[in-house]
Amino acid sequence: MQSEAASTEEYINSLPEGRKEVIEKLHNLIVKNLPKGFSAIMNYGMIGYVVPHSLYPDGYHCDPKLPLPFMGLASQKNFISFYHMGIYADKKLLAWFTSEYTKHSKSKLDMGKSCIRFKKPDQIPFVLITELVKKMSVTDWINIYEKEIKKKL
């Protein structure tokens with residue numbers, strides 16, 4: 001479900017009750033803990049947390065006109081999606097996250113390569129997401145992106 005919202009605020013306000021509060025809580029948590037340099041924008045029809053062109057002029061290899069994506073947050077039909085490209089590119093970070101998840105949530109981890117799906121909003125591990133958000137700086141992400149993703153193209 002891609003949104004046509006022009007801003008993160010418009011996106012959040014367009015959501016149905018129940019989802020709106022959870023997405024807003026996650027978004028505020030992410031913005032509060034996001035390392036310096038990342039920006040929150042609408043990207044790919046969802047809330048995106050990106051490295052702006054002012055810090056990484058090359059942009060995203062799939063479309064250099066777009067800033068380098070790092071994280072994303074979306075309300076899908078049957079779940080809330082939280083995307084973290086660092087988990088996809090950094091095996092140590094993935095191992096840390098998967099081992100910590102069971103300590104923070106009663107639900108089974110439902111995860112793709114970089115997408116974590118939450119079907120039950122009351123089981124979202126907000127403390128763990130906060131820790132994850134803080135773990136990678138803009139410089140760290142650019143270095144990992146260039147070494148693990150861009151270089152392999």
Side-chain angles (χ1 to χ4, degrees), residues 1-57 59-90 93-94 96-98 100-142 144-145 149:
M1 291 176 32
Q2 285 198 343
S3 171
E4 298 296 322
S7 69
T8 58
E9 183 178 274
E10 184 182 333
Y11 178 82
I12 292 168
N13 288 332
S14 73
L15 298 174
E17 295 304 316
R19 285 293 179 92
K20 179 179 179 178
E21 296 80 9
V22 177
I23 293 287
E24 186 169 38
K25 181 176 179 177
L26 277 167
H27 173 64
N28 290 337
L29 175 148
I30 292 166
V31 169
K32 181 179 177 185
N33 293 285
L34 200 58
K36 186 178 179 179
F38 291 107
S39 297
I41 64 168
M42 287 303 296
N43 198 29
Y44 289 102
M46 69 179 102
I47 300 174
Y49 307 91
V50 302
V51 180
H53 282 105
S54 60
L55 296 179
Y56 191 70
Y60 189 35
H61 69 273
C62 294
D63 184 350
K65 291 177 273 177
L66 295 175
L68 178 62
F70 178 54
M71 293 186 294
L73 182 60
S75 178
Q76 304 293 352
K77 183 178 179 181
N78 297 313
F79 50 85
I80 292 170
S81 298
F82 175 65
Y83 300 85
H84 193 290
M85 294 294 289
I87 284 178
Y88 171 71
D90 183 341
L93 186 60
L94 174 62
W96 169 83
F97 182 79
T98 54
E100 289 293 313
Y101 189 85
T102 56
K103 301 173 190 174
H104 293 268
S105 182
K106 296 174 186 173
S107 65
K108 182 181 176 205
L109 179 59
D110 183 1
M111 187 173 169
K113 287 184 180 180
S114 71
C115 177
I116 305 158
R117 293 174 284 274
F118 301 108
K119 292 181 180 157
K120 297 180 180 179
D122 61 329
Q123 293 184 359
I124 295 173
F126 291 100
V127 172
L128 181 61
I129 297 299
T130 300
E131 290 177 40
L132 177 61
V133 167
K134 293 177 180 181
K135 286 218 173 265
M136 194 173 286
S137 70
V138 167
T139 303
D140 293 339
W141 172 230
I142 290 170
I144 289 170
Y145 169 75
I149 298 173

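Nothing fancy with the numbering, it's 1 onward along the sequence.
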**Message:** Working note: I47 + I12, criterion side-chain contact (heavy atoms from CB on, under 4.5 Å); need CA distance, chi angles, decisive distance, verdict.
**Reply:** CA-CA 9 Å; I47 300 174; I12 292 168; 4.0 Å; yes
**Request:** Just do the side-chain contact (heavy atoms from CB on, under 4.5 Å) check on Q76 and R117 with the steps written out, would you?
**Result:** CA-CA 9 Å; Q76 304 293 352; R117 293 174 284 274; over 6 Å; no
**Request:** Start with the C-alpha distance between L93 and L132, add both sets of side-chain angles, then the distance that settles side-chain contact (heavy atoms from CB on, under 4.5 Å), and finish with yes or no.
**Result:** CA-CA 8 Å; L93 186 60; L132 177 61; 3.9 Å; yes
**Request:** Begin with the C-alpha distance, continue with both residues' side-chain angles, and end with the deciding distance and a verdict on side-chain contact (heavy atoms from CB on, under 4.5 Å) for M111 and Y101.
**Result:** CA-CA 11 Å; M111 187 173 169; Y101 189 85; over 6 Å; no
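Screening residues 3-17 for salt bridge (charged side-chain N to carboxylate O under 4.0 Å, His left out) gives no qualifying pairs among residues at least two apart or on separate chains.
Between atom NE2 of residue H53 and atom CG of residue L66 there is a gap of 7.0 Å, rounded to the nearest 0.5 Å. To the nearest 0.5 Å, atoms CG (D140) and CG (D90) are separated by 9.0 Å. Note: S14 OG to I23 CD1 = 10.0 Å, rounded to the nearest 0.5 Å. The distance from atom CD1 of I124 to atom CZ of F79, rounded to the nearest 0.5 Å, is 12.5 Å. Put simply, OH on Y88 and SG on C115 are 13.5 Å apart, with the number rounded to the nearest 0.5 Å. Rounding to the nearest 0.5 angstrom, the gap separating the CG atom in N33 from the NZ atom in K135 is 12.5 Å.
Among all heavy-atom pairs drawn from L55 and I142, the shortest one is O-CD1, 4.2 Å. Closest approach of F82 to M71, counting heavy atoms only: CZ-SD, 3.6 Å. Shown here for V31 and A40, the closest heavy-atom pair between the two residues is CG2-CB, 4.3 Å. Heavy atoms only, all atoms of each residue included: P69 and V50 are closest at CA-CG1, 3.9 Å. Shortest non-hydrogen contact noted between F70 and G86 is CE1-N, 4.1 Å. Between V133 and P35, the closest heavy-atom pair is O-CD, 3.3 Å.
For the pair I80/R19, a side-chain contact is recorded, criterion being any heavy-atom separation below 4.5 Å from C-beta on. Two residues are said to be in side-chain contact when any heavy atoms from C-beta on lie closer than 4.5 Å; M46 and L73 fail this criterion.
Judged purely by distance below 3.5 Å, without hydrogens or angles, the side chains of Y49 and H27 pair a donor atom with an acceptor atom.
S105 contributes a side-chain N or O that, together with a main-chain N or O of Q123, makes up a donor-acceptor pair within less than 3.5 Å. A donor-acceptor contact shorter than 3.5 Å is absent between the side chain of E100 and the backbone of F97. Using a distance-only test at 3.5 Å, with no hydrogens or angles considered, no donor-acceptor pair links the side chain of H84 to the main chain of L94.
Within 6.0 Å of OH in Y56 there are more than 12 heavy atoms belonging to other residues, nucleotides or ligands.
Between Y60 and Y145, the angle of the ring planes lies from 30° to 60°, which puts this pair in the tilted group.
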